[in-house]
Amino acid sequence: MNKHVATVSIAPADENRSERKERRRRERSLDTSPTLSLSELRAQRAEESGQRGLAVDWGKRDGATLWGPHRVHPAPHRASTLTMAAAYPFLTESGLGPEGTYIGTDLFGSGAFCYDPWVMYDKGFISGPSIVVIGTVGTGKSMCGKSLVTRSVTLGRKAAVASDPKGEWVPVANAIPGGKVISVGPGRATRVNPLDAGPRSSALSDAQWLAVVRQRRRHLLVALVSLMRPGVPLSPVEHTALDMALTDAVAANSTPTLPMVLQYLLNPTPATAALVGPDGGIGVGHSLRRTVSGDLEGMFDAPSTVAFDADAPIMVMDTSALIGASEQALSLAAACGATWLEAAVTNPDGAKRIVVYDEGWRMLADPYMLAKMSEQWRLARGYGISNLLIMHKIADLNEIGDSTSGLRQKALGLLTEADTRVIYRQKHDAMQLTKEALGLTEAECEHVEKLPKGVGLWKVGNRSFIVANQVTTDELAVFGTDERML
């Protein structure tokens with residue numbers, strides 16, 4: 001568009017067509033002003049007013065500045081939230097920052113998603129380092145857990161798998177330089193003594209350390225007896241007999257084994273017999289005998305042939321050899337293995353470590369394991385550990401009891417107390433329980449029902465992210481659990 005300055009004369013009232021044309025020709029011949037564009041006209045006016053070089057509507061004309069109109073009036077535009085997040089990033093979640101382990105892509109923020117429980121705690125995003133991952137079969141929950149653990153190891157963290165009932169973590173440990181696997185089961189040469197004292201904390205005196213070890217051993221023995229006769233609590237006399245047998249076994253050997261304790265239960269010393277009677281420990285002894293000569297024989301009934309390597313980046317307790325065993329045998333093995341592992345990972349002098357509880361529904365259904373996990377959840381910050389519980393769905397808690405069950409409420413408390421909750425796709429009929437237990441919103445529930453494989457909802461404190469877990473080809477070869485279906 002051009003604008004120019006012209007001289008205009010007054011037209012006579014009785015002017016005819018030829019006269020009008022002649023007048024206009026004369027006017028054009030008298031007009032000597034050059035034709036100027038709008039931008040040139042504005043620049044000219046700015047120069048005449050002494051404002052050359054100052055910002056006007058079309059910007060500065062100095063140096064390398066961009067010159068153009070600053071008044072922009074875009075047309076109205078409608079787009080999806082995903083498009084808007086990319087076009088207007090100031091409207092989306094700012095993210096957790098680049099510190100920590102790379103997990104994948106934040107689909108709403110369109111950036112990298114990184115996570116580390118200790119970093120998140122230091123930043124004040126969470127109040128505790130425990131993590132819960134849930135998802136139906138084939139949605140990618142195991143892949144998420146393995147990605148988090150293995151990549152954290154590369155950043156200097158350590159990991160321990162309390163029980164690997166399906167052997168899925170064995171190839172992961174073998175793929176990590178320095179990783180260790182402890183395989184227990186019928187016919188295996190490995191022996192693990194659950195009554196080992198474990199590494200001692202430098203903060204404890206001799207008396208304190210002996211008290212901690214004695215309490216840990218006593219709790220295990222009570223748990224093993226209770227697992228053998230569910231619903232039948234120990235009587236006061238049986239408690240005393242068990243305590244005396246443990247004391248006598250420690251007096252005979254500073255590192256007792258289960259057969260030693262069993263011997264003093266079935267053949268009490270005169271002092272014990274005088275206190276509880278000759279048959280006071282018979283019932284407890286026969287309950288404990290299964291760990292020595294029953295279906296767990298040769299696993300936890302001798303001095304340990306392996307030691308917990310505190311310097312190993314990852315240690316896995318492989319219990320896959322027990323597939324097909326009875327529920328009681330699995331519970332006994334989990335209790336013995338977890339107690340042995342707990343003595344090592346709960347050392348305050350140790351490194352920051354992720355403790356993995358895979359197939360969590362089975363452990364939550366075990367009263368002893370539930371009590372152990374509840375204790376580690378509460379003391380995680382003091383121990384410097386991050387508990388990682390992996391399970392299928394909240395409805396698995398129904399196997400523990402109904403809504404009035406104390407054990408079910410305790411298990412539910414572990415899930416609600418975890419400040420980091422990762423939810424992969426859930427079926428519609430399971431969403432109500434998931435929503436109530438994990439505090440999901442209606443919008444989050446709608447997303448969870450439709451999440452594709454490998455994409456999960458991360459709730460970190462009170463912030464939510466939709467994250468696509470990214471894995472490499474090499475990782476997929478190690479992490480994958482679908483090879484038998486291909």
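Start at 1 with the first residue, then count along the sequence. Everything numeric in this text was worked out from a predicted model, so none of it was measured.
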Test item: V172 and F479 side chains (from C-beta on) under 4.5 Å apart, heavy atoms: yes

Just one of R151, R157, K123 clears the salt bridge (charged side-chain N to carboxylate O under 4.0 Å, His left out) bar with D116, so which one? R157

Is R289 atom CZ crowded by more than 12 heavy atoms from other residues, nucleotides or ligands, each under 6.0 Å away? no

Using a 4.5 Å cut-off on heavy atoms from C-beta on, say whether the side chain of T255 contacts that of P303. no

Closest approach of L195 to L258 (non-hydrogen atoms, all atoms of both residues): CD1-N, 3.9 Å

Salt-bridge present (E444, K435; N to O < 4.0 Å): no

Please find the pair of heavy atoms, one from L451 and one from I423, that lie closest to each other, and give the distance. CD1-O, 3.7 Å

So, the side chain of R421 versus the backbone of L438: is there a donor-acceptor pair under 3.5 Å, distance only? yes

Measure across G281 and A241 and return the closest heavy-atom pair with its distance rounded to 0.1 Å. CA-CB, 3.8 Å

Distance only, no hydrogens: is a donor on one side chain within 3.5 Å (strictly under) of an acceptor on the other, for T472 and D474? no

Check this for me: does any side-chain nitrogen of one of E168 and K146 sit under 4.0 Å from a carboxylate oxygen of the other? yes

Residue pair A380 / N387: nearest heavy atoms and the distance that separates them: CB-ND2, 3.8 Å

Might you work through the salt bridge (Lys or Arg N to Asp or Glu O under 4.0 Å) test for R378 and E417, ending with a clear yes or no? CA-CA 9 Å; R378 293 193 306 270; E417 289 173 10; over 6 Å; no

What heavy-atom pair brings K180 and A312 nearest, and what distance separates the two atoms? CG-CB, 3.8 Å

Mind checking whether W458 and C144 have side chains closer than 4.5 Å, heavy atoms only? yes

Looking at every heavy atom in both L148 and T101, which two are closest together, and how far apart are they? O-CG2, 4.2 Å

Run through K453, R425, Q426 and flag the one making a side chain to side chain contact (heavy atoms under 4.5 Å, CB included) with T139. R425

Parallel, tilted or perpendicular: which one describes the rings of H447 and F108, with boundaries at 30° and 60°? perpendicular

Pairwise side-chain contact, I282 with L266, heavy-atom cut-off 4.5 Å (strictly under): yes

Check the pair T247 / R214 against side-chain contact (heavy atoms from CB on, under 4.5 Å), numbers first and verdict last. CA-CA 9 Å; T247 300; R214 178 177 176 80; 3.1 Å; yes

Using atom types as modelled and distance alone, determine if a side-chain donor or acceptor of W377 lies under 3.5 Å from a backbone N or O of L414. yes

Backbone N/O of A468 and side chain of T105: donor-acceptor pair under 3.5 Å: no

Looking at R381, I'd like to know if its CZ atom is crowded, meaning that more than 12 non-hydrogen atoms belonging to other residues, nucleotides or ligands lie closer than 6.0 Å. no

Evaluate the side-chain proximity of I354 to I131: yes if any heavy-atom separation is below 4.5 Å, no if none is. no

I'd like to know if the side chain of N193 and the backbone of P256 have a donor-acceptor N/O pair within less than 3.5 Å. yes

Check whether D301 reaches the backbone of G298 with its side chain - one donor and one acceptor, N or O, closer than 3.5 Å. yes

